[in-house]
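All values below were derived from every heavy atom in this structure, side-chain atoms included, with hydrogens, water molecules and symmetry-related copies excluded. One-based numbering, in listed order, for ligands and for the atoms of each.
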Amino acid sequence: MAKRLFIKTYGCQMNVYDSARMADVLQPLGYVPADSPEGADMVILNTCHIREKAAEKVYSELGRLRPLKQDREARGDGRMVIAVGGCVAQAEGEEILARAPYVDLVFGPQTYHRLPEMVARAARARSAVLDVEFPVEAKFDHLPDNEAPQGASAFLSIQEGCDRFCTFCVVPYTRGAEYSRDAAAIAAEAQRLVAAGVREITLLGQNVNAWHGRGVGGGEWRLGRLIRHLAEIDGLARIRYTTSHPRDVDDGLIAAHGAVDKLMPYLHLPVQSGSDRILAAMNRQHGADDYRRTVDRLRAARPDIALSSDFIVGFPGETDADFAATLRLVSEVGFAGAYSFKFSARPGTPAAAMEDVVPERVKDERLETLQQLLGVQEAAFHRSKDGAALPVLFERRGRRPGQIVGRSPWMQAVIVEAPERLIGEIVDCRIVRIGAHSLHGEVTVADHDSPTQRVCA
Ligand code: SAH
Ligand code: SF4
Ligand code: F3S
């Protein structure tokens with residue numbers, strides 16, 4: 001009989017990808033996806049450790065799951081297996097078991113290919129199973145081919161882990177050392193996705209442009225070469241990649257932005273700060289001017305490229321002058337979107353032990369100032385598309401009947417009144433109105449019955 005599996009995902013896109021693969025791994029055991037934890041036979045929390053708030057969410061969610069598990073067992077409906085995976089599991093597995101002893105299974109991001117075995121062990125043992133190793137075998141070699149994806153856009157993990165050790169960041173500890181998959185395995189996965197109807201692939205890695213894998217036919221490739229190779233896949237219309245480190249943007253990647261039409265003109269390139277002093281304390285290994293130069297070169301290669309970024313305010317030692325340098329960089333570069341965060345001291349990272357802690361009140365003020373500036377830039381970017389004709393990849397139904405929603409080349413949500421059969425297609429649209437969080441458009445080709453005529457790559 002089918003067993004119900006509910007997975008709740010926190011954190012970055014890598015976790016979204018991993019959650020889908022966990023479902024694939026458990027499918028042969030009879031687990032089918034469920035959309036709520038009520039009545040589920042197994043619940044997995046795929047967790048994120050990046051900031052304190054993210055990590056604390058796990059414990060409050062576990063608190064909500066506990067009565068569900070108890071009720072089910074009291075009714076005699078069998079056990080509800082509660083599993084905690086992802087980066088909190090990796091970082092504080094023992095602590096989870098101590099704080100929430102009703103958890104059955106704790107596993108890290110590098111061991112979920114062993115889930116069937118863990119589930120079997122947990123069923124036999126009355127005590128919890130903990131598997132947070134960094135195993136010698138690569139998880140990717142032990143995962144089944146992924147199941148038919150739902151939708152027009154899919155993630156594909158090509159690189160994992162990180163060797164950069166920014167002083168604020170837990171990722172090198174939770175995900176381990178940098179690892180790049182072979183180009184042939186990546187291309188095969190991309191082919192399968194496209195065969196299942198995917199039109200857009202986002203290549204994923206914690207530091208995706210550090211990817212340096214075995215090329216098809218030998219030799220070592222870097223990301224620009226891989227993108228050119230994937231662009232040859234018929235039916236694949238759009239390629240994106242995230243998240244990049246400015247230091248790993250090399251000539252080949254910049255050239256690919258100029259040469260590969262399928263590579264979308266939108267790049268998330270986190271800079272964190274505009275102050276050289278703070279960038280050095282963060283161990284980012286570049287200065288603010290290096291970032292400016294990289295952006296200039298990207299824009300020279302692909303004039304319509306838009307950038308988004310991540311920022312941290314209130315890093316230890318950040319002065320008013322340092323923060324002013326960040327605002328200056330933002331004003332000069334101009335971002336189409338951004339995420340910004342207050343520095344969160346993470347256990348075990350070098351920055352957590354640094355002096356000159358910035359008071360919470362100052363962090364709040366700086367965050368607000370920065371977000372205001374970034375908000376103005378984002379709104380201006382959206383407005384710049386008013387009246388534009390642009391290709392939209394439709395992904396899903398809209399909230400209102402008759403509406404469908406897609407993405408512009410710059411990741412903007414575009415809402416259009418059009419038939420549902422256009423979902424999965426790339427259609428030329430004209431932007432007629434700019435909303436708060438999305439663009440509104442209309443299909444520019446009158447003939448609704450022959451979508452292929454207006455599909456473009
Ligand atoms: N690999 C990516 C970042 C992954 S984490 C990169 O190198 O850019 C995503 C974002 O979370 C980071 O870019 C950073 O802005 C933020 N972040 C990471 N650790 C943080 C911390 N300790 N406090 C506040 N923000 C943090
Ligand atoms: Fe973290 Fe820095 Fe690695 Fe990004 S590059 S994952 S911020 S250590
Ligand atoms: Fe979070 Fe782990 Fe991703 S800490 S951001 S889920 S790599």
Which ligand 2 atoms, with their elements, are less than 4.0 angstrom from a heavy-atom of [X]?
X      : result
Pro172 : 8 (S)
Arg284 : 2 (Fe), 7 (S)
Arg164 : 5 (S)
His245 : 5 (S)

Regarding [X] and [Y], does a basic nitrogen lie under 4.0 Å from an acidic carboxylate oxygen?
X      : Y      : result
Glu56  : Lys53  : no
Arg361 : Asp364 : no
Arg302 : Asp304 : yes
Arg407 : Glu200 : no
Asp289 : Arg292 : yes
Asp24  : Arg21  : yes
Glu318 : Lys363 : no

Kindly say whether [Y] contributes a backbone atom to a donor-acceptor pair with the side chain of [X] at under 3.5 angstrom?
X      : Y      : answer
Ser180 : His212 : yes
Asn15  : Tyr10  : yes
Gln377 : Ala338 : no
Thr47  : Gly85  : yes

Should Ile312 be listed as contacting ligand 1, given a heavy-atom distance under 4.0 Å as the test?
yes

Atom indices of ligand 1, in the order listed, that fall short of 4.0 Å to a heavy atom of [X]:
X      : answer
Lys342 : 23 (N), 24 (C)
Phe343 : 23 (N), 24 (C)
Arg51  : 11 (O), 16 (C), 17 (N), 23 (N), 24 (C), 25 (N), 26 (C)
Gln206 : 1 (N), 2 (C)
Arg346 : 22 (N)
Thr243 : 2 (C), 6 (C), 8 (O)

Give me the nearest non-hydrogen protein atom to [atom] as residue plus atom name, then the distance to 0.1 Å.
atom                    : result
atom 4 (S) of ligand 3  : His49 N, 3.2 Å
atom 6 (S) of ligand 3  : Asn15 ND2, 3.2 Å
atom 3 (Fe) of ligand 2 : Cys162 SG, 2.3 Å
atom 8 (O) of ligand 1  : Pro270 CG, 3.1 Å
atom 1 (Fe) of ligand 2 : Cys169 SG, 2.3 Å
atom 19 (N) of ligand 1 : Phe168 CD1, 3.3 Å
atom 7 (S) of ligand 3  : Gln206 NE2, 3.0 Å
atom 22 (N) of ligand 1 : Ser344 O, 2.8 Å
atom 10 (C) of ligand 1 : Asp310 OD2, 3.3 Å
atom 18 (C) of ligand 1 : Ile50 CG1, 3.4 Å

Check whether the side chains of [X] and [Y] place a donor and an acceptor atom closer than 3.5 Å, and report yes or no.
X      : Y     : value
Asp18  : Asn46 : no
Ser344 : Glu52 : no
Gln90  : His49 : no

Atoms of ligand 3 close to [X] [distance to a heavy atom under 4.0 angstrom, numbered from 1]:
X     : value
Cys12 : 3 (Fe), 5 (S), 6 (S), 7 (S)
Cys48 : 1 (Fe), 4 (S), 5 (S), 6 (S)
Ile50 : 4 (S)

Part of [X] within contact of ligand 2 (heavy atoms, under 4.0 Å):
X      : answer
Asn207 : neither
Phe168 : side chain
Pro270 : neither

Within the structure, does at least one protein heavy atom fall under 4.0 Å of atom 4 (C) of ligand 1?
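There is no protein heavy atom less than 4.0 Å from atom 4 (C) of ligand 1.
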
Using 2.8 Å as a strict upper limit, say whether an N, O or S atom of Cys166 approaches atom 1 (Fe) of ligand 2 that closely.
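Here the distance criterion (N, O or S atom, under 2.8 Å) is not met by Cys166, so no.
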
Do the rings of Tyr173 and Phe165 sit parallel, tilted or perpendicular, given the 30° and 60° boundaries?
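Judged by the thresholds at 30° and 60°, the geometry between Tyr173 and Phe165 is perpendicular.
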
Just to be sure I'm reading this right: ignoring hydrogens, which of Gln272, Arg284, His268 gets closest to atom 7 (O) of ligand 1? Compare them by their nearest heavy atoms.
Arg284

Centre-to-centre under 6.0 Å for [X] and [Y], is that the case here?
X      : Y      : value
Phe341 : Phe315 : no
Phe311 : Phe335 : yes
Phe107 : Tyr112 : no

Is the shortest distance from a heavy atom of Gln272 to ligand 2 less than 4.0 Å?
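No, Gln272 has no heavy atoms under 4.0 Å from ligand 2.
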
Whether Met14 lies under 4.0 Å from ligand 3, heavy atom:
no

Check whether any N, O or S atom of Cys87, backbone or side chain, sits closer than 2.8 Å to atom 2 (Fe) of ligand 3.
yes

In terms of heavy-atom contacts, does OH of Tyr339 have more than 12 from other residues, nucleotides or ligands at under 6.0 Å?
no

